Protein chains: 2
Amino acid sequence: MKIKIKKIDYLPARQVTFSKRRRGIFKKAGELSILCESEVAVIIFSQTGKLFDFSSSSTKDVIARYNSHIGGEKSDQPTIHQLQLEKENNIRLRKELEDKSCKLRQMKGVDLEDLDLDELQKLEKLVEASLGRVIQTKEEKIMSEVMALEKKGAELIEANNQLSHRMVMYPRGDIGPEAILELENLNNIGEESVTSESTTNVTTCSNSSLSLEDDCSDILSLKLGLP
Amino acid sequence: MKIKIKKIDYLPARQVTFSKRRRGIFKKAGELSILCESEVAVIIFSQTGKLFDFSSSSTKDVIARYNSHIGGEKSDQPTIHQLQLEKENNIRLRKELEDKSCKLRQMKGVDLEDLDLDELQKLEKLVEASLGRVIQTKEEKIMSEVMALEKKGAELIEANNQLSHRMVMYPRGDIGPEAILELENLNNIGEESVTSESTTNVTTCSNSSLSLEDDCSDILSLKLGLP
DNA sequence: GGACCTATGTTTAGAAG
DNA sequence: GCTTCTAAACATAGGTC
């Protein structure tokens, strides 16, 4: 599959696709009704609430036939007002989302055609500043990891020394097998599990992939060695 | 067209085609509803009278919506189901919005504390690439503006030459006041209104400010001179 | 919005199980 | 009715006008 079946973020592209695919479905529906002598109706509401429908005969007729098949019963009156409220809420959220998507795409450096020079200049400064902060944060993180590792290393050396000291004080036989195991473990820790802390995934976003096309999954790993 | 769109005479072939194409249409309908966030219902009665239907939400709801669109007659039944749907929609939108906001903030280089080294590294690459694209777009824009201005300048010089020529041919009295005005205007245009085109604001986003805290409104202006 | 284009990727007729 | 296979037909993303 080349394109992913998920909401198209970019509004103009979404509109074009809607129009093309809608016509495609209507065409297929018409073909099916003729090829197989069946009765077909397609009802589509665009995101903006506009109605598009197609039917081999009459949409109303097909709906009537549908209703009689189902066994038309009606009920429930949960206050039309409430529904109205939810819908308004919905519209507002959609607008906000559209706006955020647009800004996010611009921050990613795509769909910049409609920006004028001033706006491009501002955007550049913004992205530049962002890059600076990202790099700084990254370096701080690296430094703190390095320091943590140094501290750990120092502790290990200290522990090692103390153990060696005990070995001298009790040359043989007097230390139990537990003490020997302890020493071996400490030596291993110092050399292997250095990046263990950085593999903890914190998922503040529900989907933390910030990739441009939502599918570039190149893994960049940073290896740290002890100084 | 290889196959003619006309009733398939051979019953077994017709049945197979019916099944295949029916599923094809349902799939396309589902894709359309997701890609373009629209509400879709497809109702099909086979030749034998069997009902097949597909809907992005609920065929009944779509039919209810269809009926209210066609003419508010019949009965407005908001159907508790519809309300439920709107509420779910609402929750989904809120989540999407939260997610987009989070990603946007990260793209802006804030709230990076919870990212691990790997994620920071990826983010850096992303922002870096974005910066490259922004700069490229800006430079392309500048180049096209400069070229437009050069062209304009050349045209003005040419016009000026022609007018000077006319001045020589009709030394005095013979040119009317209109011609003099024309000449003066041309001279002014050449020196002053150079950046007029870059001040056109195109607002693709409802709010095109991409500032970090939504309040830093430093204006950066780029002045272009004729070469 | 629509009409056209071209390079993909997708669907499907026809056959067989 | 379903699946699977193939080549061929078709739809459509992403352009342009």
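From a predicted model like this one, the values you see are computed outputs, not experimental measurements. Here is the naming used below: chain letters follow the sequence lines, and residue numbers restart at 1 for every chain. Values reported hereafter were calculated over all heavy atoms of this structure, with side chains retained and with hydrogens, waters and symmetry mates removed.
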Whole Å only: how far is the CD1 atom of A:Ile5 from the P atom of D:dT12?
10 Å
Got a salt bridge between B:Lys141 and A:Glu113, using NZ or NE/NH1/NH2 to carboxylate O under 4.0 Å?
no
Per-helix bend value, the helix from C:dG2-D:dC17 to C:dG17-D:dC2, C1' rotation axes over five pairs per end, 10° rounding, shows 50°
Rounded to whole angstroms, how far apart are NZ on B:Lys4 and P on C:dA13?
16 Å
Those residues at least two apart in sequence (or on a different chain) that pass salt bridge (charged side-chain N to carboxylate O under 4.0 Å, His left out) with B:Glu39 are B:Arg65
Name all residues meeting the side-chain hydrogen bond (donor to acceptor under 3.5 Å, both in side chains) criterion together with B:Ser33; count only those two or more places apart in sequence or in a different chain, and write none if there are none.
none
d(OH, B:Tyr10; P, C:dG14) in whole Å
12 Å
Could you list all the salt bridge (charged side-chain N to carboxylate O under 4.0 Å, His left out) pairs where at least one residue sits in residues 41-57 of chain B, not counting sequence neighbours?
none
Interatomic distance, B:Ile8 CD1 vs C:dA13 P [rounded to whole Å]
6 Å
Who pairs with A:Arg21 by salt bridge (charged side-chain N to carboxylate O under 4.0 Å, His left out), at least two apart in sequence or on another chain?
B:Glu31
Hits for salt bridge (charged side-chain N to carboxylate O under 4.0 Å, His left out) against A:Arg92, two or more places apart or cross-chain, chain-then-number order -> A:Glu96
What residues form a side-chain hydrogen bond (donor to acceptor under 3.5 Å, both in side chains) with B:Glu158, not counting sequence neighbours?
B:Gln162
Check every strand shown and say whether A:Gln15 touches a base, only sugar-phosphate, or nothing at a heavy-atom separation below 4.0 Å.
nothing
Separation of A:Asp9 atom CG from D:dG14 atom P, in whole Å?
12 Å
Taking the ring of A:Phe52 and the ring of B:Tyr66, is the distance between their centroids below 6.0 Å?
no
Give the rounded distance in Å between these two atoms: CD of B:Gln47 and P of D:dG1.
11 Å
Name all residues meeting the salt bridge (charged side-chain N to carboxylate O under 4.0 Å, His left out) criterion together with A:Asp111; count only those two or more places apart in sequence or in a different chain, and write none if there are none.
A:Arg105
Expected list for residues 16-24 of chain B near DNA chain C, using heavy atoms below 4.0 Å, is B:Thr17, B:Lys20, B:Arg21, B:Gly24
Output the rounded distance in Å from CG (B:Leu32) to P (C:dT10).
17 Å
Whole angstrom is fine here: how far is it from NZ in B:Lys50 over to C1' in D:dG1?
8 Å
When you check the phosphate oxygens OP1 and OP2 of C:dT11, does a side-chain N or O of A:Lys28 lie under 4.0 Å from one of them?
no
